[in-house]
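One structure below.
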Amino acid sequence: MELHRRRTETTPITNRRTPFGRTLCAMITPFTGAGALDLEGAGRLAARLVAAGCDGLVLNGTTGESPTTTDAEKADLVRAVREAVGDGVPLVAGVGSADTRHTAGLALAAGKAGADGVLVVTPYYSRPPQEAVAAHFREVADASELPVMLYDIPGRTGTRIEPETMIRLAAHPRIVAVKDCSYDFLGTQKVLAETELAYYAGCDEHLLALYAVGAAGCVSTVANAVPGHVAAVLDAFDAADTARAAELQSRLVPLIEATTGADLPGTVTVKALLGGLGLPAGPVRAPLLPAGREAAEKLRARYETLVGGA
């Protein structure tokens with residue numbers, strides 16, 4: 001059964017290009033206690049996220065522990081979530097790797113499994129120059145018919161997608177969006193001004209700031225736990241209540257800090273929080289380790305404060 005209506009290409013209030021919806025969640029990948037893929041739990045979590053305010057979901061990203069899931073598990077996850085949420089919910093599948101041919105193959109497999117688009121991160125570790133970065137993205141975009149969301153996160157990959165490279169890549173008909181974790185607000189605004197790329201804030205602390213200068217929405221980590229609160233920030237801004245939007249963003253800050261601003265990866269913190277709430281999560285896979293008791297208690301306390309003050 002379809003649980004949520006897909007948003008149109010442009011939202012009626014803001015006229016923003018939203019190829020994958022506005023409020024997207026970078027969904028964790030639930031595992032069983034033994035560490036196997038929990039497809040039933042993934043379906044339940046996905047349905048909850050959509051019902052609570054997410055327009056779409058990003059699966060098999062790094063928040064979904066893609067470096068430690070097999071190609072078969074990635075495809076199985078997309079199929080299970082598609083069955084759970086129906087055809088009206090945009091699913092973007094992470095297919096990034098350091099190997100261009102492998103990435104292109106994953107993009108093809110994602111389409112066959114039911115994805116509506118692919119998230120492609122900059123090749124990591126090898127630190128390719130910008131011409132090689134551009135060639136990588138074009139080859140992946142040419143490999144399948146799915147629209148592509150570029151993922152710019154130089155703090156993890158070691159390589160930027162420079163604004164000039166973004167502008168060149170925007171000419172490709174299937175490169176339509178960007179998940180922005182560049183922490184280069186000026187560069188982001190330059191690309192927004194010169195292209196029609198739909199930008200999505202990939203860092204929750206930049207949710208409102210990026211939306212205010214024309215972004216399409218967000219790919220949120222904290223939305224795993226509080227999807228309605230994330231959507232409410234953007235709802236308030238769309239309603240021209242900027243003071244309310246700023247207030248709601250400020251309320252999110254303590255949980256954002258505990259989730260993504262901590263020394264632990266967001267995958268670890270989100271799984272600790274969801275597990276404590278009795279929601280599908282399960283353990284993390286090595287080399288990650290679970291959050292300690294102190295971190296888990298801080299997360300729960302900040303969650304309770306946010307939810308209790310809603």
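Heavy-atom basis, side chains included; hydrogens, waters and symmetry copies ignored. Sequential numbering from 1 along the given sequence is applied to the chain's residues.
- Closest of all the heavy-atom pairs between A47 and V85 is N-CG1, 4.1 Å.
- Residues satisfying the side chain to side chain donor-acceptor pair (under 3.5 Å) test with E139, not counting sequence neighbours, are none.
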Handout entry: Verdict with supporting geometry, L207 and Q249, side chain to side chain contact (heavy atoms under 4.5 Å, CB included)
Key = CA-CA 8 Å; L207 167 64; Q249 175 76 38; 3.4 Å; yes
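- When atom types are taken as modelled, the side chain of S250 and the backbone of A246 share a donor-acceptor pair closer than 3.5 angstrom.
- Shortest non-hydrogen contact noted between L299 and A272 is CD1-CB, 4.2 Å.
- Ion pair K298/E294 not flagged as a salt bridge, since none of the NZ, NE, NH1 or NH2 atoms sits closer than 4.0 Å to an Asp/Glu carboxylate oxygen.
- Residues A231 and G53 come closest through the heavy atom pair CB-O, 3.9 Å.
- Note: F20 and Y200 have tilted aromatic rings, judged against thresholds of 30 and 60 degrees for the angle between ring planes.
- At distances below 3.5 Å, at least one donor-acceptor pair connects side-chain atoms of R302 with backbone N or O atoms of P254.
- F185 is listed as a side-chain neighbour of V213, based on a closest heavy-atom distance under 4.5 Å.
- When the side chains of ILVMFWY residues are joined at heavy-atom separations under 4.5 Å, either directly or via intervening members, L264 and I256 end up in two distinct hydrophobic clusters.
- Residues Y183 and E205 have side chains that bring a donor and an acceptor to within less than 3.5 angstrom of each other.
- Nearest heavy-atom pair, V230 versus C218, reported as atom, atom and distance to 0.1 Å: CG1-SG, 3.7 Å.
- Residues L169 and H172 form no side-chain contact, since every pair of their non-hydrogen atoms from C-beta on lies 4.5 Å or further apart.
- Stacking of R174 on the aromatic ring of F137 is not recorded, the 6.0 Å distance cut-off and the 45° axial limit not both being met.
- Put simply, CZ on F237 and CG on L208 are 6.5 Å apart, with the number rounded to the nearest 0.5 Å.
- Between the side chains of D99 and S97, not a single donor N or O lies within less than 3.5 Å of an accepting N or O.
- In this model, a donor atom of one side chain and an acceptor atom of the other lie less than 3.5 Å apart for D71 and H102.
- In this structure, H136 and T103 have side chains that are in contact, with non-hydrogen atoms separated by less than 4.5 Å.
- Here the side chain of T70 pairs a donor or acceptor atom with the backbone of E73 at under 3.5 angstrom.
- Here CG of L49 is found 4.5 Å from SG of C25. Values are rounded to the nearest 0.5 Å.
- A cation-pi arrangement, defined by a distance under 6.0 Å to the six-membered ring centre and an angle within 45 degrees of its axis, is present between R285 and F31.
- In this structure, the side chain of T267 engages the main chain of T63 through a donor-acceptor pair within 3.5 Å.
- Atom CD of residue E131 and atom OG1 of residue T165 lie 7.0 Å apart, to the nearest 0.5 angstrom.
- No side-chain donor-acceptor contact under 3.5 Å links E247 to the backbone of R244.
- The CD1 atom of I161 lies 12.0 Å from the CG atom of D184; values are rounded to the nearest 0.5 Å.
- A side-chain donor from one of D204 and S220 sits under 3.5 Å from a side-chain acceptor of the other.
- Across A245 and V233, no two heavy atoms sit closer than the pair CB-O, 3.6 Å.
- Note on I175: it clusters hydrophobically with V140, by side-chain heavy-atom contacts below 4.5 Å among ILVMFWY residues.
- Contact of the V92 side chain with the V118 side chain is not registered, since no non-hydrogen atoms from C-beta on lie closer than 4.5 Å.
- In this structure, V133 is a member of the same hydrophobic cluster as V95, with clusters built from ILVMFWY side-chain heavy atoms closer than 4.5 Å.
- One hydrophobic cluster holds both L119 and V176 under the rule that ILVMFWY side chains link at heavy-atom gaps under 4.5 Å.
- Taking 4.5 Å as the limit, some side-chain heavy atom of V178 sits within range of a side-chain heavy atom of M166.
- Taking the charged nitrogens against the carboxylate oxygens, D152 and R160 do have a contact shorter than 4.0 Å, which makes a salt bridge.
- Note: L45 CG to L274 CG = 6.5 Å, rounded to the nearest 0.5 Å.
- Side chain of K271 to backbone of A291: no donor-acceptor contact under 3.5 angstrom is found.
- The shortest side-chain heavy-atom distance between I153 and D180 does not fall under the 4.5 Å cut-off.
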Exercise for the section: Evaluate the criterion side chain to side chain contact (heavy atoms under 4.5 Å, CB included) for residue pair T29 and L37; output intermediate values, then yes/no. Expected result: CA-CA 8 Å; T29 299; L37 193 62; 3.3 Å; yes
Exercise for the section: Might you work through the salt bridge (charged side-chain N to carboxylate O under 4.0 Å, His left out) test for D116 and R82, ending with a clear yes or no? Expected result: CA-CA 10 Å; D116 298 296; R82 172 58 71 207; 2.6 Å; yes
Problem - Residue pair V78, N60: steps toward the side chain to side chain contact (heavy atoms under 4.5 Å, CB included) verdict - result: CA-CA 8 Å; V78 173; N60 296 321; 3.7 Å; yes
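- With respect to the salt-bridge test (charged N to carboxylate O, under 4.0 angstrom), the residues E297 and R300 do not qualify.
- The two atoms that bring L248 and A236 nearest to each other are CD1-CB, 4.2 Å, heavy atoms only.
- Taken together through direct or relayed side-chain contacts under 4.5 Å among Ile, Leu, Val, Met, Phe, Trp and Tyr, L24 and V120 form parts of separate hydrophobic clusters.
- Side chains of Y211 and D238: a donor on one and an acceptor on the other come within 3.5 Å.
- A salt bridge does not link R79 to E83: none of the charged side-chain nitrogens sits closer than 4.0 Å to a carboxylate oxygen.
- Salt-bridge formation is not detected for the pair R168/E164: no Lys NZ or Arg NE/NH1/NH2 atom is positioned less than 4.0 Å from an Asp or Glu carboxylate oxygen.
- Counting heavy atoms from C-beta outward, K74 and L77 have side chains that stay 4.5 Å or more apart.
- The pair R22-D235 meets the salt-bridge criterion, since a charged nitrogen lies less than 4.0 angstrom from a carboxylate oxygen.
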Exercise for the section: Applying side chain to side chain contact (heavy atoms under 4.5 Å, CB included), run through L192 and T188 and close with a yes or a no. Expected result: CA-CA 6 Å; L192 280 168; T188 292; 4.0 Å; yes
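- When atom types are taken as modelled, the side chain of N224 and the backbone of I28 share a donor-acceptor pair closer than 3.5 angstrom.
- Side-chain contact between P227 and R48: present, with at least one pair of heavy atoms (C-beta onward) separated by less than 4.5 Å.
- Using a distance-only test at 3.5 Å, with no hydrogens or angles considered, no donor-acceptor pair links the side chain of R17 to the main chain of A215.
- The distance from atom CG of L252 to atom CD of E257, rounded to the nearest 0.5 Å, is 12.5 Å.
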